[in-house]
Amino acid sequence: MPKIITNNLNLWYGSFQALINVNMAVQEKRITAIIGPSGCGKSTLLRVFNRMNDLIEAVRITGKVTIDNQDILEGDFSRLVQLRKKIGMVFQRPNPFPLSVYENIIFGLKVHHLAKKNDFDRLVQKALESVLLWDDLKERLHTNALRLSLEQKQRLCIARAIAVEPDILLMDEPCSALDPQSTARIEELMRELKNNYTIIIVTHNMQQAARVSDETGFMLLGELIEFGKTEDIFTRPGDKRTEDYITGRYG
Amino acid sequence: MERHFDEELKDLHKDLLKMAVMVQEAIYKSIEALKSRDKTQAQEVIASDSKIDQMELTIDEKCIDLIARHQPMAGDLRFLTTSMKINGDLERIADLAVDIAQRVLELVDKPLLKPLIDIPKLSTIAQSMIKNAIDSFVNRDVELAKKVALSDPEADKLRNLVQEELINDYMARDPKTADRAVPLLLIARHLERICDHTTNIAEDVIYMVEGKVVKHHLEELK
């Protein structure tokens, strides 16, 4: 049973249709990459999964999106809070809160009342260990997170997202602000995290999609043109438009 | 959008064709040398091999360079990996032409054991297979490539016929014929190996064009 299923998903910003009949099934504990040119709708699609588009005015959505067989587009605010707890998100620019490393990690735990105060130390360590930051930061837990390196900030954001123990991690261009070494290390981290989380990554970097993902979807002008095993998409895509995009002929 | 990369791929394509022409010529000459018992032609085949070896290295280097610099995907990736394989098969075919030429040199000063019938037939099949394989590569013609791959059993059959005849009708009856029969037997084997390498090329062309792997299950082509 796929973790996430979209069924004839359409999304409009006012009169502009940003997603057109998207049908996709995301498998659990795998990395799914969404690629496509700027403006193709890949970030919009990602944001459907944690209903971040709800904040945008004049958004209209039709179709169905289920996570663990539950319709996520239905439901009031309390359902939304539950959904967000299930789904962590990491953005292009690392966006730690202007608080200490420690406070960043426990932020979500406090909001969702997920842990008692005397558990915080243990949970902070666990979260930082899982993003391989513990050894670097264990002596600096009360340093302001804004003083970390860019890669450390991004790792911290991932740690903050997974501290509330979500099932799904959405990553919107998580490495585009990082240098190649940091990128390689975040990709390694993603492979580790795959054991426990379902990861969806939106990326402009095709080599990155080819390197890290198990499945890849190619989007163009709001449509999911092709979705399949990463090795197939990058060696023998079925659609000419996919071929043109990944070989750099598009545009 | 025309890419600079396309120009480099075209150059590589041209180089492979040049290599293919050189190899075709080597086979043609080695077979002509056999038919007309011509020492000079056989020696020319042997001498021209180093040029083909050099060409193989150049093409391989180009492929590796293009892969490193462009990180090709999809059709580009299939073209480049296939080019490397075809390049290797072409070079092996040229080596087999040299082997034939060497057998010709062994035979040329001895009286002919028997009139050649099946070996010329086998060489015609080999030459036509390689021509078609190269054409299928140039024109991205999957049907022609399939035809090439499916002709290989015919070559195997002829090789077996030659082998049986030389062993049963000559060597078994008169072991003294061995010094003339063995080179002929080997020539049949070299020609059959040329057909095997040519089949590889045809299978690679199918992969290059359609992304489909047909290697080791040719029955699916029928």
Side-chain angles (χ1 to χ4, degrees), chain A residues 31-40 42 175-176 178-181 183-184 187 201-221 223-251, chain B residues 1-13 16 62-87 136-137 139-143 145-146 149 200-217 220-221:
Chain A
I31 301 177
T32 300
I34 312 282
I35 57 168
S38 300
C40 70
K42 54 191 191 298
C175 300
S176 64
L178 304 180
D179 66 27
Q181 277 91 4
T183 298
E187 287 175 5
I201 175 174
V202 157
T203 177
H204 269 120
N205 181 336
M206 271 175 301
Q207 267 77 30
Q208 179 169 61
R211 283 192 300 263
V212 298
S213 70
D214 301 295
E215 260 138 1
T216 298
F218 167 60
M219 293 190 69
L220 185 66
L221 302 169
E223 281 183 84
L224 182 67
I225 302 294
E226 192 167 352
F227 187 85
K229 280 188 188 166
T230 297
E231 61 261 40
D232 289 339
I233 296 283
F234 287 103
T235 59
R236 42 180 176 229
D239 194 288
K240 172 123 191 352
R241 291 166 291 181
T242 315
E243 169 100 23
D244 284 351
Y245 179 70
I246 64 177
T247 56
R249 286 188 179 86
Y250 173 87
Chain B
M1 186 174 69
E2 181 74 8
R3 307 164 306 169
H4 175 66
F5 185 35
D6 290 324
E7 285 301 311
E8 297 185 272
L9 292 178
K10 272 184 212 160
D11 280 348
L12 174 66
H13 196 265
L16 259 179
K62 267 194 188 174
C63 292
I64 291 170
D65 177 57
L66 288 173
I67 290 172
R69 287 190 299 114
H70 295 274
Q71 288 127 43
M73 299 272 195
D76 296 335
L77 179 65
R78 296 204 305 274
F79 171 71
L80 278 169
T81 51
T82 304
S83 294
M84 289 183 84
K85 287 183 174 182
I86 290 179
N87 188 35
S136 74
F137 172 71
N139 302 317
R140 303 175 64 83
D141 184 341
V142 170
E143 288 310 310
K146 283 182 188 170
N200 289 350
I201 294 176
E203 289 165 343
D204 287 336
V205 168
I206 296 170
Y207 175 71
M208 177 183 86
V209 178
E210 293 189 335
K212 217 189 284 169
V213 179
V214 296
K215 226 161 233 209
H216 311 309
H217 29 86
E220 282 176 24
L221 291 179

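Worth saying up front: this structure is predicted, and the values here are computed from it rather than measured. In the text below, chain A, chain B and the rest are named by the order of the sequence lines, each starting its count at 1.
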Task: Part of B/Y207 within contact of chain A (heavy atom distance under 4.5 Å) - done: side chain
Open item on the list: What verdict does the side chain to side chain contact (heavy atoms under 4.5 Å, CB included) test give for A/R249 and B/D6, after you've listed the backbone C-alpha separation in whole Å, the side-chain angles of each residue and the deciding distance to 0.1 Å?
Closed with: CA-CA 10 Å; A/R249 286 188 179 86; B/D6 290 324; 3.3 Å; yes
Task: Side-chain donor or acceptor of B/Q71 paired with backbone N/O of A/Q207 under 3.5 Å - done: no
Task: Verdict with supporting geometry, A/R236 and B/V213, side chain to side chain contact (heavy atoms under 4.5 Å, CB included) - done: CA-CA 11 Å; A/R236 42 180 176 229; B/V213 179; 4.2 Å; yes
Open item on the list: Nearest 0.5 Å, please: how far is CD1 in A/I246 from CG in B/D76?
Closed with: 9.0 Å
Task: NZ (B/K215) with more than 12 external heavy atoms under 6.0 Å - done: yes
- [ ] Search all heavy atoms of A/P237 against all heavy atoms of B/R78 and return the closest pair with its distance.
- [x] CD-NH1, 4.4 Å
Open item on the list: According to ring pair (Phe, Tyr, Trp, His ring centres under 6.0 Å), who are the partners of A/F234, at least two apart in sequence or on a separate chain?
Closed with: none
TODO: For B/R3 and A/T247, indicate whether the former's side chain and the latter's backbone hold a donor-acceptor pair under 3.5 Å.
DONE: yes
TODO: Looking only at non-hydrogen atoms, find the nearest pair between B/G75 and A/E243 and report the distance.
DONE: N-OE2, 2.8 Å
